[in-house]
Amino acid sequence: MNDSQRVVPAVHGRAPITPDPPHEVALAESMRHEYERAALIDLYARFTAGDGGFDAMMRRVLWRALTRAFGDGVRLGRQVLVHHPETFSIGDGVFIGDQVVLQGRFDGTCALGHHVWIGPHSYFDARDLVVEEHVGWGPGAKVLGSEHSGAPVDVPIIQTDLTIRPVRIRAWADIGVNAVILPGVTVGRGAIVGAGAVVTQDVPPFAIVAGVPARFLRWREGYDGGVAPDPVGGR
């Protein structure tokens, strides 16, 4: 095994926020007032796959026109899909990677805080979701915020009532590649969720959890959390 390594400064989390150009903001405001939501979504589809600067700008413009709030310095990857963008609030300096899917709901809410980084191919059930500032979200990680009741048993499960439960990812947390966060979970401030973990219960602040289901491993170095939570993380 080659144990050589390099330590380099972080890029995204330390990048300063530059205000978006006034003409870009003005264009978004104009389109918000001149076009119906369906027309804006159709326009967005024209620019989702492009890799050039103009396509990237138009993705920002159209998201700004469609969402509740949209910060400066946001970067939107290619083929990002968003359903019910009118329920989303996006902070400054957010990065959303290629082919991310954000599934909102007409009466839901989703907030992404400043400097959130979302890796490609991730999935968000964003019906009642808050991701606070400086959260890292590994490629392919998923959050589920709803589940069918499964009752009664004499009908298909997908025809049973849907229970929506809030999911909260607190500031500074880091979610590993291909991890899954289940409905109703809160991941505490500065916590680390290991790659491939399935998180079924709340994660304490500054804890490290991993596994299926996710279990408490230890506190982050430099943090003395006192008594460790129960093996599955506890609420």
Side-chain angles (χ1 to χ4, degrees), residues 37-38 41 45 66-68 79-90 96-113 116 118-132 135-170 173-189 191-205 207-217 228-235:
R37 184 193 310 159
I41 292 172
L66 284 162
T67 54
R68 285 178 177 168
Q79 297 180 327
V80 174
L81 299 181
V82 58
H83 301 277
H84 293 288
E86 71 279 5
T87 65
F88 284 74
S89 298
I90 312 296
I96 301 177
D98 292 350
Q99 297 182 338
V100 169
V101 176
L102 301 112
Q103 176 66 61
R105 179 181 160 89
F106 69 93
D107 59 353
T109 183
C110 176
L112 304 180
V116 166
I118 298 172
H121 309 294
S122 299
Y123 173 80
F124 287 76
D125 178 341
R127 294 172 172 92
D128 189 350
L129 175 65
V130 175
V131 180
E132 294 181 351
V135 166
W137 194 273
K142 301 170 180 65
V143 57
L144 302 178
S146 59
E147 56 189 338
H148 289 277
S149 69
V153 296
D154 58 347
V155 299
I157 292 173
I158 62 171
Q159 291 183 3
T160 63
D161 290 343
L162 193 68
T163 300
I164 298 171
R165 301 176 65 193
V167 175
R168 302 293 182 258
I169 312 297
R170 299 305 184 195
D174 191 75
I175 311 300
V177 172
N178 289 327
V180 179
I181 312 296
L182 293 185
V185 164
T186 293
V187 176
R189 181 181 180 90
I192 296 175
V193 174
V198 177
V199 183
T200 62
Q201 299 195 43
D202 291 354
V203 178
I208 300 175
V209 302
V212 181
R215 296 178 178 273
F216 176 82
L217 298 181
D230 67 56
V232 294
R235 286 193 180 275

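The residues of the chain are indexed from 1 along the displayed sequence.
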Looking at [atom1] of [X] and [atom2] of [Y], how far apart are the two atoms once the value is rounded to the nearest 0.5 Å?
X    : Y    : atom1 : atom2 : answer
T160 : L162 : OG1   : CG    : 8.0 Å
I164 : D107 : CD1   : CG    : 6.0 Å
H84  : R105 : NE2   : CZ    : 8.0 Å
R165 : S146 : CZ    : OG    : 11.0 Å
I175 : I169 : CD1   : CD1   : 5.0 Å
D161 : H148 : CG    : NE2   : 9.5 Å

Do side-chain atoms of [X] reach the backbone of [Y] as a donor and acceptor pair under 3.5 angstrom?
X    : Y    : value
D128 : G145 : no
S89  : A111 : no
D202 : T186 : yes

Student check: side-chain heavy atoms of [X] and [Y] closer than 4.5 Å:
X    : Y    : answer
D125 : R127 : yes
P120 : P139 : yes
F88  : L66  : no
L182 : E147 : no

At their closest point, which heavy atom of [X] faces which heavy atom of [Y], and how far apart are they?
X    : Y    : answer
E132 : V116 : O-CG2, 3.2 Å
G188 : A173 : O-CB, 3.8 Å
V193 : A179 : CG1-CB, 3.9 Å
T87  : G108 : CB-O, 3.4 Å
Q99  : H121 : OE1-CE1, 2.6 Å
A197 : A210 : CB-CA, 4.1 Å

**Asked** Testing D98, I118, L102 for side-chain contact (heavy atoms from CB on, under 4.5 Å) with V80, which one passes?
**Response**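 Running side-chain contact (heavy atoms from CB on, under 4.5 Å) over D98, I118, L102 with V80 returns exactly one hit, L102.
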**Message:** I'd like to know whether I96 forms a side-chain contact (heavy atoms from CB on, under 4.5 Å) with V82, so could you lay out the CA-CA distance, the side-chain angles of the two residues, the decisive distance to 0.1 Å, and finally the verdict.
**Reply:** CA-CA 11 Å; I96 301 177; V82 58; over 6 Å; no
**Message:** I'd like to know whether CZ of R37 has more than 12 heavy-atom contacts from other residues, nucleotides or ligands below 6.0 angstrom.
**Reply:** no
**Request:** Could you tell me whether I157 atom CD1 has more than 12 heavy atoms of other residues or ligands within 6.0 Å of it?
**Result:**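 No - once you tally the heavy atoms of other residues, nucleotides and ligands closer than 6.0 Å, there are 12 at most.
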**Prompt:** Mind checking what makes ring-ring contact (aromatic ring centres under 6.0 Å, His included) contact with F124, not counting sequence neighbours?
**Reply:** W137
